[in-house]
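These numbers come from the heavy atoms of this one structure, side chains and all, not from hydrogens, waters or symmetry mates. Per chain, numbering begins at 1; letters A, B, ... match sequence-line order.
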Amino acid sequence: MAIEIEKPSSVRLSKVAISKTHGEDSPYFAGWKAYDENPYDEIHNQSGVIQMGLAENQVSFDLLEKYLEEHHEVSSWGKGAPGFRENALFQDYHGLKSFRQAMANFMEQIRGGKAKFDPDRIVLTAGATAANELLTFILADPGDALLVPTPYYPGFDRDLRWRTGVKIVPIHCNSSNNFQITPEALEAAYQSAESMDLKVRGILITNPSNPLGSTIQSSVLNDILDFAAHKNIHLVSDEIYSGSTFSPSEFVSIAEILRNRNYKDAERVHIVYSLSKDLGLPGFRVGTIYSYNDDVVTTARRMSSFTLISSQTQHLLACMLSNHEFTQNYIKTNRERLNKRYDMIIQGLKKAGIECLKGNAGLFCWMNLSPLLNEPTRQGELELWNIILNQVKLNISPGSSCHCSEPGWFRVCFANMSEQTLRVALQRIHKFMEQRKVCSVNQ
Amino acid sequence: MAAISKIATGNGHGENSAYFDGWKAYETNPFHPTDRPDGVIQMGLAENQLCFDFIEKWLMEHPEASICTAEGVSKFKETALFQDYHGIPEFRQAVAKFMGKVRGDRVKFDPDRIVMSGGATGAHEMVAFCLADPGEAFLVPTPYYPGFDRDLRWRTGVELVPVVCDSANDFKVTIDSLQSAYHKAQEANIKIKGLLITNPSNPLGTFKDKDTLKNIINFVNEKNIHLIGDEIYAATVFMEPEFVSISEVIEEVECNRDLIHIVYSLSKDMGFPGFRVGIVYSYNDTVTSCARKMSSFGLVSSQTQHLIATMLSNDEFIDNFVAESRERLFKRHKYFTWTLSQIGICSLKSNAGLFIWMDLRKLLKEKTFEAEMDLWRVIIDEVKLNVSPGSSFHCHEPGWFRVCFANMDDYSMEIALSRIRNFMVKNNETMVPPRNKLCRRTSLKLSLSRSLSRKMDDFIMSPSIMSPQSPLVQART
């Protein structure tokens, strides 16, 4: 007997599914769409949009490729494919021991040996995206809040809030002190959360900072940890750009702060790391959580079942990162090249009359275009951004998409292109600034 | 000390289930032919290890499938940078093609509906997040895979409502049982958002015929709820009749396609659980779009996407692989079930999966789950086999056990069978079941050959010796 199907009324999906918390309607992504439709190419499309909104590290691939060329048997399954079977079957959420060991060593090397990492505290996730979400599920209940200093990486709106139901309360930072986090700002954010009846469960900092491109000072880290201890909340330090600090001595990890304090308050501290930025391997989905809290490690490990790293990738990276000669050379060379790129863009912008925040890390600079705004508002910023996207044909990220409380700041990426392309981008900016001078003179 | 969340402190991770206790016993004393001949043999892990030689041969002939070899390294950079959650197009095309092939090319899959996830584990959680709010529920026929308790409920807050199936009709899902479960949920004020079926079934090793699937589709349409079809074992169907997928049935009946979603993975069919290749295939555009965004939390490594794209686009290899895998599963299953039947152990008639659903009801001291646990402890501690007790699958009848057969070599299989034989012989005095419950002719003394290369014909003896449930009888008649 046929069941009569009425005109299909859509059965409701979940609230999570229909919400906009995935964040893709933000201008952060609108620029990407403009780029996708008309991408710059050195040869085939010289008038296309240059992508400066994507924090990728492409400056050191030759080092990786050279390693692979010299180590075929080690990194692939080689002749006779020995090890393939074991590798394909390996789904233990503890992760390959050799890989965790290699990651721990790599993280130590990045910190110049100033902190030690226990491989058994490393939990593997498919990217930092998953790591941040996973930690949020563990540290906070739906409706609770995490404090995050502004400006911050736009992806956090999705990663920390979407499926978890947790809220972000901003810790407002501004240019008067180079956007540093102050105890007053921390307290103000905490009070703000309380006034909204939100239970604060933790603070999430990114060090080095995205989008600022600068490291957090030791004294500030101590203040933040003291604050967390005083309020009895967690501290998550996303150190995804730790290997992208131009000068090794300028990065201080929270791990180092803890060591100096003899690990007092350690069980509230959790570090997120990934190989997407330092090694330039975002496609491989390699994220880690390092927690000093046993319960968090155990739970995170169980939860990682939803987001394990492919054993094939663990095997490749275990080989690569266990090679000390390779990793030492890579870390050093990568830093030098990023530094050189940074100098190049800063000089280029300066020549065009544009100032940036003094940076010392990351794959981007934090550019100040507030003098160019028609009005010192978010609207003014977006109007300027539209001009830069559609006329100057550069996709850069407006500060408002990073929740910056001061309009006029933009994040500009410099490591995801060749030097030649960067020169073209700087020429376009120079020309744009020249034209504006002419316009304002003629008014 | 700063507290952690309710999700973190609760038991939603599901690891306190008996399903995992046996694994722990195995891990502390794993069987090894020379180093630990008295160790526990793992028969609680549904892995497919029968065809690795086949795959390894292909890998040796195709170094370009790896981005680390001389032949493949030119693709290294673009692959390493590729993090687009749409996935590498060749990967989606190859997976869509493979899914079609596994269904005899009776249906085509659209590569643009292929969404990645962190294994089927990630896929199930993702689908639950898309379809249901905390407190809402899915219907799930019992017995079901224990991991669902974690995957569908832990972080989502979604509930599972069992649809009770029993041995009286071989655990088939009936409309009555669906209606009954649905109405019970309504009375308890639980909002049902969908029905999850695993087809072929874990742990039963059977799959649903077309009529049952049509009834199920009519049921979900009538109730306006979602249907999630976990087809992770689709290519493990090793004997006629051919597997029927939901994707085929919706072409034949009136159906609101917005309700239909398939979960898939390469962990069982290809034997690649480590590679975390999970797939969500939804016929609902909104769900596809939402799931794709969510897949950011569990993308497949681009390195692995590249390998899989290269492998699965090789038509000749895939056709041969699927046929060879079926053949080897068929042989292993036949040998295993036939030998067991000679020892007096029956199992549910099955023609798919990597396990059998073993009937040990007659060995229970009493018809209770306590007795099932007692028997299970004996099997772990004395017989030294890790098998999975039916209660961990939420089976409503005590005495059933899931026993995996495709995750070991022939030698280990022989050892496992000899241990079972010894146990049955030893316990024959104390546990003599009523004659009519026994598989026929268990008193017949048969010398079981240890030859590993015996042809199938040698196993086909006169039908009167076979267990009434033996599929071999089915094959011959």
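- Taking the six-membered ring where tryptophan is involved, the planes of B:Y145 and B:F148 are perpendicular, since the angle between them exceeds 60° and thus also 30°.
- Using a 3.5 Å distance cut-off with no hydrogens or angles, the side chains of B:S301 and A:S310 do not pair a donor with an acceptor.
- Considering only heavy-atom pairs separated by less than 4.5 Å from chain B, the leading option among A:D295, A:V286, A:T125, A:D159 is A:D159.
- In terms of modelled atom types and a separation under 3.5 Å, the side chain of B:H124 and the main chain of B:G122 share no donor-acceptor contact.
- Proximity to chain B is absent for every atom of A:L135, based on heavy atoms less than 4.5 angstrom apart.
- Residue B:D53: no heavy atom, backbone or side chain, is found under 4.5 Å from chain A.
- A salt bridge between B:E56 and A:R85 is absent, with no side-chain N of the basic residue lying under 4.0 Å from a carboxylate O of the acidic one.
- The most heavy-atom pairs under 4.5 Å with chain B, out of A:E69, A:K231, A:R302, come from A:R302.
- Using cut-offs of 30° and 60° for the angle between ring planes, the B:F272 and B:F52 rings count as tilted.
- For A:E24, the part lying under 4.5 angstrom from a heavy atom of chain B is the side chain only.
- In this pair, B:F76 and A:F284 present their aromatic rings perpendicular. The plane angle is above 60°, beyond the 30 to 60° band.
- Heavy atoms closer than 4.5 Å to chain A are found in both the backbone and the side chain of B:R150.
- Proximity to chain A (any heavy atom under 4.5 Å) is shown, for B:A123, by neither the backbone nor the side chain.
- In this structure, A:K15 contributes its side chain and B:D133 its backbone to no donor-acceptor pair below 3.5 Å.
- B:M270 does not touch chain A: none of its heavy atoms, backbone or side chain, sits under 4.5 Å away.
- Of the listed residues (B:G118, B:S302, B:G119), the one with the most heavy-atom contacts under 4.5 Å to chain A is B:S302.
- Neither the backbone nor the side chain of B:V158 comes within contact range of chain A; no heavy atom of the residue lies under 4.5 Å from a heavy atom of that chain.
- Residue A:L134 touches chain B through both its backbone and its side chain, counting heavy-atom pairs closer than 4.5 Å.
- Using a 4.5 Å cut-off between heavy atoms, B:Y85 touches chain A through its side chain atoms alone.
- Looking only at heavy-atom pairs under 4.5 Å with chain B, the residue among A:Q58, A:H22, A:E133 that has the most is A:E133.
- Proximity to chain A (any heavy atom under 4.5 Å) is shown, for B:Q305, by neither the backbone nor the side chain.
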- Task: May I have the step-by-step check of side-chain contact (heavy atoms from CB on, under 4.5 Å) for B:K293 and A:W162, ending in yes or no?
- Result: CA-CA 11 Å; B:K293 293 179 171 93; A:W162 191 17; 3.8 Å; yes
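- In this structure, the portion of B:A132 lying under 4.5 Å from any heavy atom of chain A is its backbone and not its side chain.
- The contact between A:L139 and chain B is made by backbone and side chain atoms together, counting heavy-atom distances below 4.5 Å.
- Here A:A88 is the residue among A:P142, A:G127, A:A17, A:A88 with the most heavy-atom pairs under 4.5 Å with chain B.
- Using a 4.5 Å cut-off between heavy atoms, A:N416 makes no contact with chain B at all.
- Within the 4.5 angstrom heavy-atom criterion, atoms from both the backbone and the side chain of B:F129 approach chain A.
- A:F227 and A:Y190 have perpendicular rings, their planes meeting at more than 60° on a 0 to 90° scale where under 30° would count as parallel.
- Of the listed residues (A:I138, A:T129, A:V16), the greatest number of heavy-atom pairs within a distance under 4.5 Å of chain B belongs to A:I138.
- The part of A:F90 that comes within reach of chain B is its backbone (N, CA, C, O), which places non-hydrogen atoms under 4.5 angstrom from that chain.
- Proximity to chain A (any heavy atom under 4.5 Å) is shown, for B:K214, by neither the backbone nor the side chain.
- If you tally non-hydrogen atom pairs under 4.5 Å between each of A:T307, A:T299, A:D141 and chain B, the highest count goes to A:D141.
- For a residue to count as touching a neighbouring chain, one of its non-hydrogen atoms must lie under 4.5 Å from one of that chain's; by this rule A:H234 touches chain B with backbone and side chain alike.
- Only the side chain of B:I55 comes within contact range of chain A, with heavy atoms under 4.5 Å apart.
- Using a 4.5 Å cut-off between heavy atoms, A:R163 contacts chain B through both its backbone and its side chain.
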